[in-house]
Amino acid sequence: MPPKPKRPRTLRREASRAAADLARDRERLFKLSPGGRSESPIDVASASVVEIRAASVPCPRCDGEQLVEEHVAIAGSDGARLREVRLRCRRCGSKRSMWFRLPTVN
């Protein structure tokens with residue numbers, strides 16, 4: 001006897017859970033990539049390119065366009081000049097930060 005087919009509601013719930021799991025995994029991968037944490041910032045030549053580079057990265061959850069909400073200068077523990085760019089996705093509304101390192105001034 002073949003197994004009973006799943007109800008449409010069950011199939012929708014399973015698909016929803018799978019999509020949420022995938023989004024969570026993609027967010028974790030984003031945090032492990034360069035720029036995802038203050039410990040692994042992206043090196044840039046000047047502060048003028050920070051917002052442009054951050055806005056060009058698609059949302060890791062939904063591949064939507066990200067909006068730069070704030071650009072903050074932070075002094076690193078090793079004397080490095082760090083920039084934190086706080087982003088919000090226009091499509092799904094998720095928030096995250098990207099980190100950049102500027103060249104040190106002598």
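Below, all heavy atoms of this structure are taken into account, side chains as well, without hydrogens, waters or symmetry copies.
A donor-acceptor pair under 3.5 Å links the side-chain atoms of Arg91 to the main chain of Cys62, judged by distance alone. Proximity of a side-chain donor or acceptor of Glu84 to a complementary backbone N or O of Ser97 within less than 3.5 Å is not detected.
Distance check: Gln66 CD to Ser56 OG gives 9.5 Å after rounding to the nearest 0.5 Å. Within the model, atoms SG of Cys59 and CZ of Arg88 stand 11.0 Å from one another, a figure rounded to the nearest 0.5 Å. The NZ atom of Lys31 lies 15.0 Å from the CZ atom of Arg26; values are rounded to the nearest 0.5 Å. Asp63 contributes atom CG, which lies 10.0 Å from atom SG of Cys92 (distance to the nearest 0.5 angstrom). For the atom pair CZ of Arg81 and CZ of Arg101, the computed distance is 12.0 Å after rounding to the nearest 0.5 Å.
Neither Leu82 nor Phe30 shares a network with the other; the hydrophobic side chains, linked directly or stepwise wherever heavy atoms of I, L, V, M, F, W or Y lie under 4.5 Å apart, form separate groups for each.
Shown here are the side chain to side chain contact (heavy atoms under 4.5 Å, CB included) partners of Ala73, two or more places apart in sequence or in another chain: Arg83.
In this structure, the side chains of Val49 and Phe100 stay at 4.5 Å or more apart for every pair of heavy atoms. At a threshold of 4.5 Å between non-hydrogen side-chain atoms, the residues Arg53 and Met98 do not count as touching. The shortest side-chain heavy-atom distance between Leu87 and Leu67 does not fall under the 4.5 Å cut-off.
Remark: of the listed residues Glu27, Glu69, Glu70, Glu27 is the sole one forming a salt bridge (Lys or Arg N to Asp or Glu O under 4.0 Å) with Arg96.
For CZ of Arg17, the number of neighbouring non-hydrogen atoms (other residues, nucleotides, ligands) closer than 6.0 Å is greater than 12.
Pairing each heavy atom of Ala47 with each of His71, the nearest pair is O-CE1, 3.9 Å. Across all non-hydrogen atoms, the minimal contact from Val85 to Ala54 is CG1-CB, 3.7 Å.
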